[in-house]
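The chains referred to below are lettered A, B, ... by the order of the sequence lines, with proteins before strands, and numbering in each begins at 1.
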Amino acid sequence: MRELTYTAAAREALAEEMARDPSIFVVGEGIGQRGGNFNTTTGLYDLYGPMRLRDTPIVERGFIGMCTGAAMTGTRPVVDFMFVDFILDGMGELINQVAKIQYMSSGRLKMPMVLRGSIGISGASATHHSGSYYPLFVNIPGFRVVVPSNAYDAKGLLKTALRGDDPVMFLEHKALFNQKASVPEEEYFIPFGKAAIVREGTAATVVALASMIRKVNEAADTLAKEGVNIEIIDPRTVAPLDIETILQSVHKTGRLLIVDENFGPCGIGAEIAAQVTARGFDDLDAPIQRLNGVHTPTPYSPPLEAAVVPNSAQVLQAIRDLLAE
Amino acid sequence: MADLSKEQYLALYRQMFEIRRTEEQLAKAHQAGLVHGACHTYVGEEAVATGVCAHLTAKDSVFSTHRGHGHALAKGVPPREVMAELFGRVTGCSRGRGGSMHLFSPEVGMMGTSGIVGPCILQATGAGYSAKLMNTGAVGVAFFGDGASNNGAFHEGLNLATIWDLPVIFVCENNMYATEIAFSYATRNTNMAERARSYGMSAVAVDGNDVLAVYQAADEAVRRARAGNGPTLIEGKTYRTRAHSEGMPSLGTYRTQEELDAWKARDPISTYKAKLLQSGAAAESDFEQIETAVQRLVDESFEFAKNSPYPDPSTVSNHIFSAS
């Protein structure tokens, strides 16, 4: 099977859906002829022109609000925000309008808006270009929040996002952009709320997101050589969250670690731990553990930056600690 | 006077009168405890919504702000659905999920009022974008007050609508106060039309208490938008004669009795009626007929709203997402 990068796979999803549905348009800074800062729209401007590949001024609140009105009136906007940090200027529009329009209108209006762009710590981007923020959106009723960890998922999940009628935060970790995976030529969709069992095992369950999957896999390789088999689960979407798959895994393994680059307090790991404790307490042989990025703004200097992201050695140690409980 | 048929003249009167009577009924209902939350009335500003919405069809979209009852009514939401919504009933236009500040009726192009000042400007811009992309000939209309004009949404929305030549009408109801902060305090340039022109768009200031002046300005703006010639800002200079919100003092510390009385003397409904009578465009009996019919409609609407059931609490989580 052919291999595509994460970016190319997501771009193919967008291109397929734009070809199918003339009501889809993309807004963002430099997403027209330039093809996007991260090549998210390369080649599409020549096919669809400026109304559907709409370069904007630097106006995040403005284009989110504008796309809200567009989504209410029969079109399907894609906000290509480049860095998730940038749309914090539009947080009022997102939380008060985008997330609530369907509810306020008693379901008579739809909100088919996809907001996509980069998250995560990578390449000395410093603190205004390194945020992730997904727990903020999970906390708000009304958002679908997608955090793909590989090219195959990126394509299938973006296809689902572009067909749905709900607002979707589609968050792409920048450390993954150039990573390749097998992506079939045939069309496929990945439903929201369906976790992937990345690796099967019985000794412990590790739930990981986005760029952490690779690090957990490396640790699992090491442990496998020692005869210890770890189960790795990638939720793929954090809203909705597939807690059932996690519970089933914990039922089998009795141990749970959640590895997330994003902050610990009130984070995804806290939510998963609370739900597993409530519903799977009798299955647990050890306290649930979390490994998170350091709760700090993201520093610039490479040694400082490296110190805030969980690394392979820390992941391995965290699993060993969990197994020793 | 504008060159309208007698029916058109009277339709404008009827619409303003319907808004006025509905608002007065809501104010009474608020005092009686039937309105559970806030209630910002549109009394004194009826000419603006009426003059603009007379040019709109159901495919045109209106986005409004916290003082939005008049916009919903003028866009075609029946008074009984507005009242029932404020009473928290399942028959309300938002099925009890919105209240005074979240009136939705997409069936008639009422795309919502908002408790947050500013977003309607951006959303109307987006409706204009949809119309242009899908080539529907529709327009997006934002109603907002002078208070919103000092918000970032005003700058961002007006600029985007202008650079992309979107079919949008920005209707600024300058009632001189953002809640209780005077517009003259809040900006060094109180000339709204001039501010709008600085983005490169067409703009006009009219007497917002003169329904015919608003009607004519909106006619031109809507024609311009539908012809693909871009957005227009209309400033209607007007005044709310009741308190910012029901239950608050009508004068407060920010305005005088003399100012209030002067504006009441320029009431958009009674001055329009006098003008039509004086010009012979309509007779006293025409008005009696309208006023009786509207009063009956408002009375029936009130009874309907008051006797409607509350929503079923078991539905509280419905409609968070499209499939629920």
Side-chain angles (χ1 to χ4, degrees), chain A residues 22-25 27 48-52 54-77 89-90 92-113 140-144 164-167 192 239-240, chain B residues 59 61 63 90 92-99 101-107 109 111-116 118-134 136 138 140 142 152-153 155-161 163-164 166 168 311 315 317-324:
Chain A
S23 72
I24 296 176
F25 69 99
V27 304
Y48 301 118
M51 270 311 284
R52 297 188 65 197
R54 179 54 84 183
D55 273 327
T56 68
I58 300 170
V59 57
E60 277 75 14
R61 180 188 177 189
F63 62 60
I64 292 169
M66 187 206 91
C67 287
T68 310
M72 291 159 77
T73 52
T75 52
R76 305 180 71 89
D89 273 9
E93 304 304 322
L94 286 168
I95 293 177
N96 274 320
Q97 310 294 333
V98 173
K100 296 179 182 173
I101 290 287
Q102 296 196 88
Y103 191 80
M104 290 193 292
S105 68
S106 68
R108 283 131 74 217
L109 287 170
K110 304 298 178 200
M111 189 44 60
M113 187 193 302
I140 304 301
F143 286 116
R144 307 294 192 191
D165 285 328
D166 296 324
F192 293 169
Chain B
K59 71 176 183 175
S61 302
F63 301 82
V90 73
C93 61
S94 305
R95 311 295 185 251
R97 280 170 162 68
M101 288 183 278
H102 310 283
L103 304 174
F104 284 83
S105 189
E107 298 80 5
M111 297 309 199
T113 61
S114 172
I116 307 294
C120 63
I121 297 174
L122 302 171
Q123 290 169 15
T125 303
Y129 202 91
S130 279
K132 184 161 178 165
L133 177 63
M134 305 311 282
T136 62
H155 171 68
E156 299 188 17
L158 267 62
N159 187 50
L160 292 179
I163 62 171
W164 297 331
L166 300 181
V168 186
T315 66
S317 293
N318 292 2
H319 307 308
I320 297 170
F321 294 107
S322 60
S324 62

Provide the closest heavy-atom pair for [X] versus [Y] in the form atom of the first, atom of the second, distance.
| X | Y | value |
| --- | --- | --- |
| A/R108 | B/C93 | NH1-O, 2.6 Å |
| B/L133 | A/M51 | N-CE, 3.6 Å |
| B/S130 | A/G74 | OG-N, 4.4 Å |

Checklist entry - Excluding sequence neighbours, so at least two apart, what forms ring pair (Phe, Tyr, Trp, His ring centres under 6.0 Å) with B/Y129? => result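 Once residues adjacent in sequence are excluded, the partners of B/Y129 under the ring pair (Phe, Tyr, Trp, His ring centres under 6.0 Å) criterion are A/F25, B/W164.
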Hey, does [Y] have a side-chain heavy atom less than 4.5 Å from the side chain of [X]?
| X | Y | answer |
| --- | --- | --- |
| A/N96 | B/P119 | no |
| A/P57 | B/E156 | no |
| B/N159 | A/V59 | no |
| B/M134 | A/T73 | no |

Less than 4.5 Å to any heavy atom of chain A: does that hold for the side chain of [X], its backbone, both, or neither?
| X | result |
| --- | --- |
| B/S114 | side chain |
| B/A127 | both |
| B/F63 | side chain |
| B/L160 | side chain |
| B/K132 | both |
| B/I121 | neither |

Going from [atom1] on [X] to [atom2] on [Y], what distance comes out if it is rounded to the nearest 0.5 angstrom?
| X | Y | atom1 | atom2 | value |
| --- | --- | --- | --- | --- |
| A/Q97 | B/L122 | CD | CG | 9.0 Å |
| B/I163 | A/T56 | CD1 | OG1 | 8.0 Å |
| B/S317 | A/Y103 | OG | OH | 6.5 Å |
| A/S105 | B/R97 | OG | CZ | 9.5 Å |

What residue, out of [options], has the most heavy-atom pairs lying under 4.5 Å from chain B?
| options | result |
| --- | --- |
| A/K100, A/Q102, A/E93, A/M111 | A/Q102 |
| A/S106, A/P141, A/G142 | A/S106 |
| A/K110, A/M72, A/R52 | A/M72 |
| A/I101, A/I64, A/D89, A/L109 | A/L109 |
| A/S23, A/G65, A/P22 | A/G65 |

Next on the checklist: Is A/P112 in contact with chain B via its backbone, its side chain, both, or neither, using a 4.5 Å heavy-atom distance?
Outcome noted: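 Looking at A/P112, nothing touches chain B.
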Checklist entry - So which of B/S61, B/G98, B/P106 has the largest heavy-atom pair count under 4.5 angstrom toward chain A? => result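 Heavy-atom pair counts peak at B/P106.
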